[in-house]
Amino acid sequence: MTCLTPDWFDRDAPAVARDLVGTVLSLRGAGGRIVETEAYTQTDPASHSFRGPGLRNRSMFGPPGRAYVYRSYGIHWCLNVVCRSGEAVLIRAIEPTHGLGLMAARRGMSAPRALCSGPGKLGQALGIGPEDDGGDLCIAAGAPSAVIAGPRIGITRAVDVPWRFGEDGSPFLSRPFREHSSLTAR
DNA sequence: GCACCGATTTGCT
DNA sequence: GCAAATCGGTGCG
């Protein structure tokens with residue numbers, strides 16, 4: 001299993017977010033195919049990096065290809081992959097392919113579709129925590145897939161920017177995409 | 001110093 | 001469909 005190199009991530013976040021759909025994320029014996037992502041840039045009002053580097057978001061300004069982990073609503077730990085400085089991609093959902101038992105135990109449920117279909121769920125299933133912030137990740141190339149794009153979920157600023165990407169028709173998405181939002185093939 | 005809010009999930013009405 | 005859980009960052013006085 002060959003991991004994508006830091007150079008691969010050293011690009012603008014929307015491009016990386018699109019290309020990440022269909023790749024395979026592995027972390028400590030569990031993981032699967034990435035089926036949903038969101039891009040955040042430094043000039044994006046919805047991004048944690050919008051106001052510059054701070055204590056929480058310093059990893060977003062670190063080396064590309066590493067993890068940026070943040071706490072959401074004081075409860076969940078969410079995983080991002082750092083792109084070029086100040087930009088990152090939120091991993092929103094994966095299709096579980098290995099370590100199913102491990103992830104089911106962490107989640108307290110076994111239905112594959114409910115294991116990693118959301119940023120908080122995915123973080124819990126993979127055992128993500130603050131100790132992972134700034135750490136290395138292994139993401140491997142996967143089979144090309146049809147990618148669909150649409151507006152990002154759960155944000156209150158820049159709500160119309162279509163920087164949410166997903167595998168068309170995947171049953172493992174956090175939420176379905178609106179019909180024909182826009183289509184990208186690769 | 002303090003009140004408000006969020007890149008969420010879950011359970012109950 | 002709606003509110004609770006829970007806490008660090010942000011904005012204002």
Side-chain angles (χ1 to χ4, degrees), chain A residues 9 12-21 25 27 32 34-62 64 66-96 103-135 137 139 147-167 171-178 181:
Chain A
F9 296 94
D12 61 290
V16 175
R18 181 196 61 221
D19 292 348
L20 272 176
V21 176
L25 169 67
L27 189 66
I34 295 175
V35 295
E36 184 181 343
T37 61
E38 277 180 3
Y40 291 88
T41 70
Q42 194 171 2
T43 54
D44 170 15
S47 173
H48 290 169
S49 61
F50 186 61
R51 290 169 182 78
L55 197 58
R56 172 175 73 154
N57 65 4
R58 62 192 184 286
S59 294
M60 281 188 79
F61 297 86
R66 312 285 281 252
Y68 162 51
V69 174
Y70 73 93
R71 198 156 155 79
S72 176
Y73 288 86
I75 303 170
H76 307 102
W77 293 99
C78 299
L79 174 66
N80 294 252
V81 185
V82 178
C83 302
R84 67 185 183 194
S85 188
E87 305 192 11
V89 173
L90 172 68
I91 310 299
R92 286 193 56 90
I94 69 177
E95 173 184 339
M103 293 192 281
R106 289 183 180 131
R107 290 274 296 129
M109 58 180 72
S110 58
R113 304 178 58 150
L115 241 35
C116 303
S117 52
K121 299 177 183 178
L122 184 155
Q124 185 182 25
L126 291 180
I128 300 290
E131 67 278 5
D132 293 304
D133 187 43
L137 293 171
I139 297 175
V147 179
I148 192 170
R152 295 172 293 183
I153 293 178
I155 57 174
T156 57
R157 285 171 266 194
V159 294
D160 293 325
V161 178
W163 283 349
R164 175 186 178 222
F165 302 91
E167 180 171 84
F172 297 95
L173 299 173
S174 66
R175 291 177 49 179
F177 279 75
R178 308 273 295 190
S181 316

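Just so we're on the same page: letters track the sequence lines, and every chain starts at 1.
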How is [X] classified with respect to the nucleic acid when contacts are heavy atoms under 4.0 Å: base, sugar-phosphate, or nothing?
{"X": "A:S174", "answer": "nothing"}
{"X": "A:R157", "answer": "nothing"}
{"X": "A:I75", "answer": "base"}

On a whole-Å scale, what distance lies between the [atom1] atoms belonging to [N] and [M]?
{"N": "B:dC2", "M": "C:dT6", "atom1": "P", "answer": "22 Å"}
{"N": "B:dC4", "M": "C:dA4", "atom1": "P", "answer": "15 Å"}
{"N": "C:dG8", "M": "B:dT10", "atom1": "C1'", "answer": "22 Å"}

What is the distance, to the nearest angstrom, from the [atom1] atom on [X] to the [atom2] atom on [N]?
{"X": "A:Q42", "N": "B:dA7", "atom1": "CD", "atom2": "C1'", "answer": "17 Å"}
{"X": "A:F50", "N": "B:dA7", "atom1": "CZ", "atom2": "P", "answer": "13 Å"}
{"X": "A:R152", "N": "B:dG6", "atom1": "CZ", "atom2": "P", "answer": "15 Å"}
{"X": "A:I128", "N": "B:dT8", "atom1": "CD1", "atom2": "C1'", "answer": "16 Å"}
{"X": "A:L55", "N": "C:dC7", "atom1": "CG", "atom2": "P", "answer": "17 Å"}
{"X": "A:R51", "N": "C:dG8", "atom1": "CZ", "atom2": "C1'", "answer": "14 Å"}
{"X": "A:E36", "N": "B:dT8", "atom1": "CD", "atom2": "C1'", "answer": "13 Å"}
{"X": "A:W77", "N": "C:dC7", "atom1": "CH2", "atom2": "P", "answer": "10 Å"}

Between A:R107 and A:I155, who's closer to the 5' end of DNA chain B by nearest nucleotide? A:I155
Want to settle it: does A:Y70 or A:Q124 sit nearer the 5' end of DNA chain B, counting the closest nucleotide to each? A:Y70
Nucleotide paired to C:dC2 in any strand shown, Watson-Crick or G-U, under 3.5 Å: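 By the stated definition (distances under 3.5 Å), B:dG11 pairs with C:dC2.
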For the base of C:dA5, is there a side-chain donor-acceptor partner from A:Y73 under 3.5 Å away?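 Result: no qualifying N/O pair found.
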Give a yes or no on this: more than 12 heavy atoms of other residues, nucleotides or ligands lie within 6.0 Å of atom CZ of A:R175.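 Counting other residues, nucleotides and ligands, CZ of A:R175 stays at 12 neighbours or fewer.
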Test side-chain contact (heavy atoms from CB on, under 4.5 Å) on A:F50 and A:R157 and set out the steps. CA-CA 11 Å; A:F50 186 61; A:R157 285 171 266 194; 5.5 Å; no
May I ask you to decide if A:Q42's main-chain N or O and A:S47's side chain share a donor-acceptor pair within less than 3.5 Å?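 Looks like no, no N/O pair under 3.5 Å.
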Closest approach to the side chain of A:R71, judged atom by atom: which nucleotide of B:dT8, C:dT6, B:dT9 is it?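 Among B:dT8, C:dT6, B:dT9, the one nearest the side chain of A:R71 is C:dT6.
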To the nearest 0.5 Å, what is the distance between CZ on A:R18 and CD1 on A:I148? 14.5 Å
Spacing of A:Y70 atom OH and A:C78 atom SG [to the nearest 0.5 Å]: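 Reported to 0.5 Å precision, the distance equals 3.5 Å.
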For A:H76 and A:G52, take the nucleotide of DNA chain C holding the closest heavy atom to each; which residue's nucleotide lies nearer the 5' end?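 The 5'-side residue here is A:H76.
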